[in-house]
Amino acid sequence: MPLFKTTMEEARLPLMIADSKGRIIFANRCLEDSMGYTRAEFLHGSLRDLCAPYEQNRYIFSCLPDIKRTTEVDIDLQRKNDEIFMANVSFAPFDYRQALHLLIVVRDVTVRRLQEAKTREDEERFRTLLAERNMLQDQLHRCSKIAFMGELAAGIAHEINNPLGIILGFVQDILEEIPLNDPLIESLKIIEKETARCVDVVKNLLDFARLKHPERISVDIVELLEGSIALMTPGIKKNKVIIKRDFGGKTPLLKLDPQLIQQVFLNVMINAIQAMPDAGVLSLSMGLIRKGQVKESGDCIRISISDTGNGISQKALHRVFDPFFTTKGSKGTGLGLSVCQRIMEDHRGKIEIENRKEAGTICNLYFPIKD
Ligand SMILES: Nc1ncnc2c1ncn2[C@@H]1O[C@H](COP(=O)(O)OP(=O)(O)OP(=O)(O)O)[C@@H](O)[C@H]1O
Ligand SMILES: [Mg+2]
């Protein structure tokens with residue numbers, strides 16, 4: 001034992017020996033230096049006395065007699081001068097005079113733990129940056145896709161528009177001429193319907209390509225919205241849709257291209273009405289959003305158009321602005337919302353669409369007040 005004692009005394013590690021009740025029966029010099037207690041003070045104390053006050057009821061102290069193999073725990077210890085530090089404490093059991101004793105090694109891990117915390121923080125920051133980069137890459141990808149689509153659309157739409165118009169004109173002429181009981185009438189009607197659909201697609205493609213830049217003038221946005229609602233009257237009546245308005249007080253005049261913004265209102269309202277084939281409520285509201293209130297960088301006017309339809313599935317939700325994404329089969333071209341997004345971006349505004357807590361969907365359009 002004297003040999004061990006000398007070795008432990010000289011060891012450059014803070015060491016102590018305690019009995020199974022946690023009473024300290026030996027502490028080496030290194031521990032004295034580290035904790036600031038004298039040898040005598042150690043020998044009268046217990047392990048709990050070395051802990052920070054909030055650590056004194058740690059589970060490990062109640063099961064010291066049961067320790068069968070070396071066990072490590074992180075505990076905050078308190079020096080004699082009250083300074084608290086983070087320690088990794090290992091308890092190695094051994095028998096001495098037929099009783100369980102513990103060899104305890106105390107390692108100050110404050111610096112290491114702080115570094116670990118910093119590394120975790122760095123990792124967290126790195127992950128955030130990575131997520132941002134991925135998002136920007138997605139955006140870039142979307143923009144280049146849109147730019148490519150735009151060029152493609154502009155090219156082909158011109159070429160296809162005229163022949164389509166001619167086919168449609170001829171079919172309609174034939175339909176007017178042939179007798180109502182002609183067996184070809186059904187086929188001709190299909191040709192007419194499908195050609196009309198192609199004309200729609202091409203028109204939407206041209207809108208989408210829309211090489212025209214917004215020509216902005218001062219516009220009363222309520223008036224513009226009311227004008228767009230009026231254009232929707234047939235669809236509103238057909239689907240038995242009720243309109244609710246909440247336009248609040250006076251709104252400032254906004255500088256925008258009325259033709260393009262009307263197209264946004266129409267596309268969004270058409271979607272809403274199509275989502276309510278068997279009646280529903282189309283709610284339109286407008287409000288002033290102050291800088292920072294809803295992620296917006298400046299004051300803006302928010303127009304919300306919501307419906308009580310079936311809403312959008314989670315899977316579809318992040319694709320609704322993709323060109324040609326549609327869940328309407330041959331009834332949709334999937335260009336409506338991508339056109340809206342481009343127009344809003346050209347106005348430095350923003351369009352968002354989400355499901356409402358209640359049934360249906362809400363589309364928010366943000367128009368910056370100051371350019
Ligand atoms: N109010 C809404 N309720 C439910 N789903 C919607 C609503 N608005 C958009 N969507 C979904 O988003 C998809 C894309 O809409 P978008 O307007 O771009 O194309 P579309 O309506 O399918 O076709 P198009 O507008 O070209 O006729 C729709 O097919 C639909 O699934
Ligand atoms: Mg649409």
Side-chain angles (χ1 to χ4, degrees), residues 138 142-143 145-146 148-150 152-154 156-157 160-161 164 193-210 225 228-229 231-232 234-236 238-245 259-285 302-346 349-366:
D138 279 357
R142 194 171 57 75
C143 287
K145 193 161 140 195
I146 287 174
F148 170 73
M149 300 289 313
L152 189 73
I156 58 170
I160 290 179
N161 215 13
L164 279 181
K193 192 173 132 230
E194 292 303 309
T195 315
R197 190 174 121 66
C198 291
V199 170
D200 271 355
V201 174
V202 170
K203 182 188 155 294
N204 281 347
L205 267 174
L206 274 172
D207 288 344
F208 184 67
R210 217 189 60 259
L225 192 53
S228 314
I229 299 169
L231 292 176
M232 298 298 304
I236 291 170
K238 184 166 163 266
N239 289 13
K240 303 192 186 67
V241 168
I242 297 166
I243 306 271
K244 280 194 181 160
R245 296 170 172 81
Q259 224 187 329
L260 294 176
I261 297 300
Q262 181 165 75
Q263 203 176 334
V264 173
F265 291 155
L266 291 178
N267 283 352
V268 174
M269 283 196 282
I270 290 171
N271 281 347
I273 291 168
Q274 285 174 340
M276 302 183 286
D278 307 313
V281 181
L282 178 71
S283 306
L284 304 137
S285 67
R302 178 173 67 188
I303 293 189
S304 303
I305 301 176
S306 60
D307 60 67
T308 54
N310 283 337
I312 305 172
S313 74
Q314 281 306 318
K315 213 167 121 212
L317 202 55
H318 70 280
R319 297 196 56 201
V320 291
F321 293 109
D322 278 0
F324 298 113
F325 175 78
T326 180
T327 54
K328 298 175 188 167
S330 62
K331 290 207 177 92
T333 63
L335 285 170
L337 286 179
S338 26
V339 167
C340 294
Q341 192 177 47
R342 271 193 71 182
I343 296 175
M344 290 305 289
E345 279 171 4
D346 284 355
K350 204 164 80 180
I351 176 169
E352 282 174 354
I353 190 159
E354 58 192 34
N355 286 319
R356 295 162 73 224
K357 272 194 229 83
E358 320 82 56
T361 302
I362 179 160
C363 178
N364 289 317
L365 302 164
Y366 296 91

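All ligand and atom numbering here is 1-based and tracks the order in the structure. These numbers were taken from a predicted model, which means no experiment stands behind them. We count residues from 1, following the sequence as given.
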Kindly indicate whether the side chain of Leu365, heavy atoms from C-beta on, has any atom under 4.5 Å from the side chain of Ile261. no
Which heavy-atom pair separates Cys198 from Leu164 by the least distance, and what is that distance? CB-CD1, 3.6 Å
Check: Asn271 N/O within less than 3.5 Å of ligand 1 N/O: yes
Heavy-atom side-chain contact between Ile353 and Phe321 under 4.5 Å: yes
Do Leu260 and Asp346 have side chains that approach each other closer than 4.5 Å (heavy atoms only, starting at C-beta)? no
Tell me if a side-chain donor or acceptor on Thr333 pairs with a main-chain N or O of Val201 at a distance below 3.5 Å. no
List the closest protein heavy-atom neighbour of atom 12 (O) of ligand 1: residue, atom name, distance to the nearest 0.1 Å. Val320 CG1, 3.2 Å
Donor-acceptor check, side chain of Arg356 to backbone of Gly311, threshold 3.5 angstrom: yes or no? no
Any donor and acceptor pair, going by atom type alone, linking the side chain of Asn364 with main-chain N or O of Ser304 inside 3.5 Å? no
State whether the shortest distance between N or O atoms of Leu337 and N or O atoms of ligand 1 falls below 3.5 angstrom. yes
The atoms of ligand 1 lying under 4.0 Å from a heavy atom of Thr326, numbered in the order shown, are 20 (P), 22 (O), 29 (O)
Which residue from Ser313, Ala275, Gly309 reaches closest to atom 3 (N) of ligand 1 through any of its heavy atoms? Ala275
Nearest to atom 23 (O) of ligand 1, what protein heavy atom do you find, and at what distance? Gly334 N, 3.0 Å
Around the Mg ion (ligand 2), list the protein N/O/S atoms within a radius below 2.8 Å, excluding water molecules. Asn271 OD1
For Asn310, is the CG atom crowded, meaning more than 12 foreign heavy atoms sit under 6.0 Å from it? no
Verify, without hydrogens or angle tests, whether Asn267 (side chain) and Leu337 (backbone) share a donor-acceptor contact under 3.5 angstrom. no
For Thr333, atoms of ligand 1 separated by under 4.0 Å from a heavy atom: 23 (O), 24 (P), 26 (O), 27 (O)
Can you name the atoms of ligand 1, numbered from 1 with element, that are less than 4.0 Å from a heavy atom of Ile312? 4 (C), 5 (N), 6 (C), 10 (N)
Counting from 1, what ligand 1 atoms have a heavy atom of Gly311 closer than 4.0 Å? 4 (C)
What residue and atom, counting heavy atoms only, is the protein's closest point to atom 21 (O) of ligand 1, and at what distance? Lys328 NZ, 2.6 Å
Among non-hydrogen protein atoms, atom 14 (C) of ligand 1 lies closest to Phe325 O, 3.3 Å
Would a 4.5 Å heavy-atom cut-off, applied to side chains only, mark Thr327 and Ile312 as touching? no
Short N/O distance, under 3.5 Å, between Gly332 and ligand 1? no
Does a side-chain heavy-atom distance below 4.5 Å link Met232 with Leu266? yes
Please list the nearest protein heavy atom to atom 30 (C) of ligand 1 with its residue and the distance rounded to 0.1 Å. Thr327 OG1, 3.4 Å
Any side-chain heavy atom of Asn271 within less than 4.5 Å of one from Lys328? yes
Decide whether the shortest distance between a heavy atom of Ala272 and an atom of ligand 1 is less than 4.0 Å. yes
Among residues at least two apart in sequence or on other chains, which ones pass salt bridge (charged side-chain N to carboxylate O under 4.0 Å, His left out) with Arg197? none
Answer with side chain, backbone, both or neither: which part of Asp307 has a heavy atom less than 4.0 angstrom from an atom of ligand 1? side chain
Within the structure provided, determine whether Ile303 and Leu284 are in side-chain contact (heavy-atom separation under 4.5 Å). no
Applying a strict 4.0 Å limit to heavy atoms, is Leu335 in contact with ligand 1? yes
